[in-house]
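Quick notes on the structure that follows.
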Amino acid sequence: MSIENDDVAAQLLGFLERMYAFVAMLAAWATGAAGGGPNGDGRYPLPTGPGTTTLVPSPLQSRYDMSSLDVVRIALTSGSTIVLGPEHNGKTIVCAGVSATSNINVQVPGNVAPNWCVLLIQEGTGGPRVTVTIGTNGAGEPGFLRSFGNAFRLAGENAEACVKCIARDSAFRSRMLVSGNVVQ
């Protein structure tokens, strides 16, 4: 059985059409907006086999979804202590409901690995009312909390402070650094 040039040309043309369609789908997915796509949910069709597709979140939609998962809002009352742990790594902690009479302590863990990090935001009125403190390791020994100017209180409404573990000693005590809008 011989293959005719017309058959080869038709098969090649069909292949090129499928390839161009795939490239167009890939480009639409790669540059797709969060909240875009055919269903308005940030998911775009990509081929899964001959003649079949599945909806996949675009990179921007995935980034948007991940950023919204990283924010934790904690409603506070006067005298509250918020104890953070390893599970809060990479999160933005919004201390909501801070008032002029609040005295809030945010206790960071004393036994986490280097690069553990959170961003604290004071939301609500009042001056410096959120104080960063440090917890203990498994043996009950406190970690080390440091900052420039020995400042550990968020400066006031809308203040931000980053708390990061910069090292851990052989006794598993974390060295934490507080920086940002902090005062004594």
Side-chain angles (χ1 to χ4, degrees), residues 29-30 32-35 41-43 54-184:
W29 168 81
D41 60 0
R43 298 164 62 94
T54 189
L55 294 173
V56 178
S58 71
L60 283 176
Q61 182 67 44
S62 295
R63 183 175 178 190
Y64 173 79
D65 291 344
M66 290 304 293
S67 69
S68 65
L69 293 176
D70 288 341
V71 176
V72 177
R73 291 182 63 79
I74 299 175
L76 305 170
T77 59
S78 183
S80 292
T81 297
I82 302 160
V83 179
L84 302 181
E87 69 276 10
H88 294 99
N89 185 29
K91 305 275 189 221
T92 297
I93 310 295
V94 177
C95 302
V98 176
S99 71
T101 60
S102 298
N103 286 306
I104 311 300
N105 289 313
V106 177
Q107 186 178 81
V108 296
N111 63 344
V112 291
N115 293 323
W116 181 94
C117 183
V118 296
L119 178 66
L120 298 173
I121 299 174
Q122 178 178 322
E123 186 179 83
T125 60
R129 297 293 176 199
V130 177
T131 303
V132 180
T133 62
I134 192 158
T136 60
N137 66 5
E141 302 164 317
F144 303 96
L145 187 62
R146 303 287 185 259
S147 75
F148 181 79
N150 210 27
F152 301 103
R153 294 171 69 87
L154 273 69
E157 185 174 8
N158 301 318
E160 293 182 334
C162 177
V163 183
K164 183 170 184 149
C165 179
I166 56 174
R168 187 167 65 178
D169 68 15
S170 59
F172 295 99
R173 292 177 298 187
S174 298
R175 275 187 60 211
M176 306 292 272
L177 180 65
V178 180
S179 62
N181 306 123
V182 290
V183 295
Q184 289 183 339

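Residue pairs that meet the salt bridge (Lys or Arg N to Asp or Glu O under 4.0 Å) test with at least one member in residues 108-117, sequence neighbours left out, do not exist here. Counting only residues at least two apart or on different chains, the side-chain hydrogen bond (donor to acceptor under 3.5 Å, both in side chains) pairs with a member in residues 135-147 are N137-E141. Annotation: salt bridge (Lys or Arg N to Asp or Glu O under 4.0 Å) contacts involving residues 98-113, sequence neighbours excluded, are absent. Within the structure, the side-chain hydrogen bond (donor to acceptor under 3.5 Å, both in side chains) test picks out the following pairs touching residues 170-184 (sequence neighbours left out): D169-R173. Residues in residues 111-123 take part in these side-chain hydrogen bond (donor to acceptor under 3.5 Å, both in side chains) pairs, two or more places apart or across chains: R73-E123.
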Could you list the donor-acceptor pairs under 3.5 angstrom formed by side chains in residues 149-166, with sequence neighbours left out?
unit_1, atom_1, unit_2, atom_2, d
R153, NE, P128, O, 3.3
R153, NH1, T131, OG1, 2.9
R153, NH2, P128, O, 2.3

Test log, rule side-chain contact (heavy atoms from CB on, under 4.5 Å), inputs V106 and L120: CA-CA 9 Å; V106 177; L120 298 173; 3.9 Å; yes
Check the pair I93, K91 against side-chain contact (heavy atoms from CB on, under 4.5 Å), reporting the backbone distance first and the verdict last. CA-CA 6 Å; I93 310 295; K91 305 275 189 221; 4.0 Å; yes
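Between the side chain of N105 and the backbone N or O of Q107, no donor-acceptor pair lies under 3.5 Å.
Closest non-hydrogen pair, L55 versus R43, comes out as O-NH2, 3.0 Å. When all heavy atoms are compared, the tightest approach of G32 to S58 is O-OG, 3.1 Å.
The shortest side-chain heavy-atom distance between L145 and V132 falls under the 4.5 Å cut-off.
In this structure, the separation between CD1 on I104 and OG1 on T133 is 12.0 Å, given to the nearest 0.5 Å.
Within 6.0 Å of CZ in F144 there are more than 12 heavy atoms belonging to other residues, nucleotides or ligands.
Qualifying salt bridge (charged side-chain N to carboxylate O under 4.0 Å, His left out) partners for R168, counting only residues two or more places apart in sequence or in other chains: none.
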